[in-house]
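Here's the structure we're looking at; comments come further down.
Note that the numbering runs from 1 along the sequence shown for the chain.
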Amino acid sequence: MQILMFTEMTNSSLQVYGALFIFLVTYAFIISEKVSRAIVALLGALAMVMFGIVELESALFEYVEWGTIVLLIGMMILVTIANQSGLFEYIAIRAAKRTKGDPIKILIMLSVLTAFGSAFLDNVTTVLLIVPITFSITKVLKIKPFPFLLAEVLFANIGGTATLIGDPPNIMIGAANPHLTFNAFLWNLAPLIVVLTVVTIGILYLIFRKQLHVEPENQQKLMEIDENSYIISRKLVLRSSIVLLSTIALFVLHPVLGRIGIHLEAPAIAMLGATVLMLLTIENNHQLEEVFARIEWTTIFFFAGLFILVGGIQEAGIIRFLAEKTITLTGGDINTTATAVLWLSGIASATIDNIPFVATMIPLINDVATGIGLSPDSQQVEVLWWSLSLGACLGGNGTLIGASANVIVAGLATRQGEKFTYGRFLLYGAPITLVTLILSQLYLWIRYY
């Protein structure tokens, strides 16, 4: 019996150390960017399976978030077809002309638009719509797109924090707590998000104000451009616009549709829109192959590998161990626990995917509430849920792999020849994340403690 117990303990320890080693080595290669992120993530995922840390079936059907991947593919198809019509160039020129080509005003406009879109759609969909417009504007004005792309990543995650449907962690928290309604998220988190939006725009202005300069002749050229000349096919613009707007409307209305028995979740909506648009616009197999070839498959495979990689350290119990230790150290005090949850969530979400982390934290918070004699849906415990939401969503801005929107923008930028590396993003993302978490802590102290 003792030999059997020793063997089990040894196997368990080996699994933990093995998972941690594979994760850290893979992460180091991702940061170094010496090899493609997608290849490294897939190798790390395969190592987790080969060494028995994760069963293949669990890796494919439990840890890979197929909903996220289907959502990405559907929206990429939609955006690819719409882009062929000249629609995004038209929108970009119209928007830039309204600002008279002022790059500061354009930065503010795109930032606010991204934050607002991420609050009422999801941040993945929003950046897939905004980034093509951004590249069109920066090409016309002949300015570097990086400051604008960085702003869009930051505000995708900041804006998504404001509502129940804006970011996957909020959706998960809301699903586990039916009393936390759409309006509850809006009432408790939106005021802070408005403050964070203003502060972050101010920080970006201070950092990039010298780079955000457009030559007067380029501004003049912009004002002389006829945006209608960018329209390649009016029929395609009309069909793309109708399908895109209908898809966005379904994203916004899907909680309402669920109440009347129509179950269309975000991935199904994206794929429905993509399928309808292909049906309306694709005339032969060659066109279909062109559309599929433009999907960011590198990003898709990177996500698949990353999901399995994080699943390995979750399977080994590393995430749960860290979460339990942190909450144990707080001694069950609600306010201290809320602070610990905020910062642990922020750090963890910058390092690993926030979806498995939030999935681990939800039952732990319920256990903490029960352990101190409170119901998980009591008003006193709400501060823990808001802390988890703020940490998990805002922490995604800490590194390039902290959130889905970050990886997608990096992939789109690379395709356009723009340098959007892990180190470059970290240089700006980490300090801004620290500022937003400090302001979140102050907000929690003032409003709830």
Check whether [X] reaches the backbone of [Y] with its side chain - one donor and one acceptor, N or O, closer than 3.5 Å.
| X | Y | result |
| --- | --- | --- |
| Thr114 | Phe155 | no |
| Ser118 | Ala115 | no |
| Thr126 | Gly117 | yes |
| Ser349 | Gly395 | no |
| Gln219 | Gly101 | yes |
| Thr161 | Ile158 | yes |
| Thr138 | Pro145 | no |
| Trp385 | Asn177 | no |
| Asp333 | Thr336 | yes |

Quick check: do [X] and [Y] have side-chain heavy atoms less than 4.5 Å from each other?
| X | Y | answer |
| --- | --- | --- |
| Asn83 | Leu87 | no |
| Phe302 | Ile30 | yes |
| Gln441 | Leu342 | yes |
| Ser387 | Thr339 | no |
| Thr436 | Asn397 | no |
| Cys393 | Asn157 | no |
| Phe185 | Ser389 | yes |
| Leu277 | Leu244 | no |

Is it the case that over 12 heavy atoms from other parts of the model lie below 6.0 angstrom from the [atom1] atom of [X]?
| X | atom1 | answer |
| --- | --- | --- |
| Arg294 | CZ | no |
| Phe29 | CZ | no |
| Lys105 | NZ | no |
| Arg415 | CZ | yes |

First locate atom [atom1] of [X], then atom [atom2] of [Y], and finally report the distance between them rounded to the nearest 0.5 Å.
| X | Y | atom1 | atom2 | answer |
| --- | --- | --- | --- | --- |
| Ile362 | Ile173 | CD1 | CD1 | 6.0 Å |
| Trp297 | Met76 | CH2 | CE | 9.0 Å |
| Ile137 | Lys97 | CD1 | NZ | 13.0 Å |
| Leu390 | Ile193 | CG | CD1 | 6.0 Å |
| Leu42 | Arg37 | CG | CZ | 13.0 Å |
| Ser240 | Ile81 | OG | CD1 | 7.0 Å |

Non-hydrogen atoms of [X] and [Y] that approach each other most closely:
| X | Y | value |
| --- | --- | --- |
| Gln15 | Gly52 | NE2-O, 4.1 Å |
| Gln314 | Tyr63 | OE1-CE2, 3.4 Å |
| Ala350 | Gly398 | CB-CA, 3.9 Å |
| Ala270 | Leu71 | CB-CD1, 3.6 Å |
| Thr351 | Tyr27 | O-CE1, 3.2 Å |
| Val64 | Ala59 | CG2-O, 3.0 Å |

Would you sort out whether Leu78 and Val243 count as a side chain to side chain contact (heavy atoms under 4.5 Å, CB included), showing the intermediate values? CA-CA 8 Å; Leu78 271 171; Val243 174; 3.7 Å; yes
Out of Ile203, Val199, Thr197, which one pairs with Ile201 under the side-chain contact (heavy atoms from CB on, under 4.5 Å) rule?
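The passing option is Thr197.
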Quick one: do the [X] and [Y] side chains pair a donor with an acceptor below 3.5 Å?
| X | Y | result |
| --- | --- | --- |
| Tyr448 | Asn188 | yes |
| Thr134 | Glu152 | yes |
| Gln416 | Lys139 | yes |

Would you sort out whether Leu180 and Glu382 count as a side chain to side chain contact (heavy atoms under 4.5 Å, CB included), showing the intermediate values?
CA-CA 9 Å; Leu180 299 181; Glu382 277 192 17; 4.0 Å; yes
Discussion item. Can you classify the ring geometry of Tyr428 versus Phe208 as parallel (below 30°), tilted (30 to 60°) or perpendicular (above 60°)?
Written reply: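 It falls in the tilted class, 30° to 60°.
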query = For the residue pair Phe303 and Phe307, does the interplanar ring angle fall in the parallel (under 30°), tilted (30 to 60°) or perpendicular (over 60°) class?
reply =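 Rings of Phe303 and Phe307: parallel, under 30°.
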For the pair Phe21 and Tyr17, evaluate ring pair (Phe, Tyr, Trp, His ring centres under 6.0 Å) and give the outcome as yes or no after the intermediate values.
CA-CA 6 Å; Phe21 177 77; Tyr17 290 125; over 10 Å; no
Yes or no on side chain to side chain donor-acceptor pair (under 3.5 Å) for Tyr205 and Arg209, after CA distance, side-chain angles and deciding distance? CA-CA 5 Å; Tyr205 170 73; Arg209 65 188 185 280; 5.2 Å; no
Task: Verdict with supporting geometry, Leu164 and Thr181, side chain to side chain contact (heavy atoms under 4.5 Å, CB included) - done: CA-CA 7 Å; Leu164 174 64; Thr181 62; over 6 Å; no
(request) Take Leu212 and Phe148 through the test side chain to side chain contact (heavy atoms under 4.5 Å, CB included) and record every step on the way to the result. (result) CA-CA 10 Å; Leu212 295 173; Phe148 303 93; 3.6 Å; yes
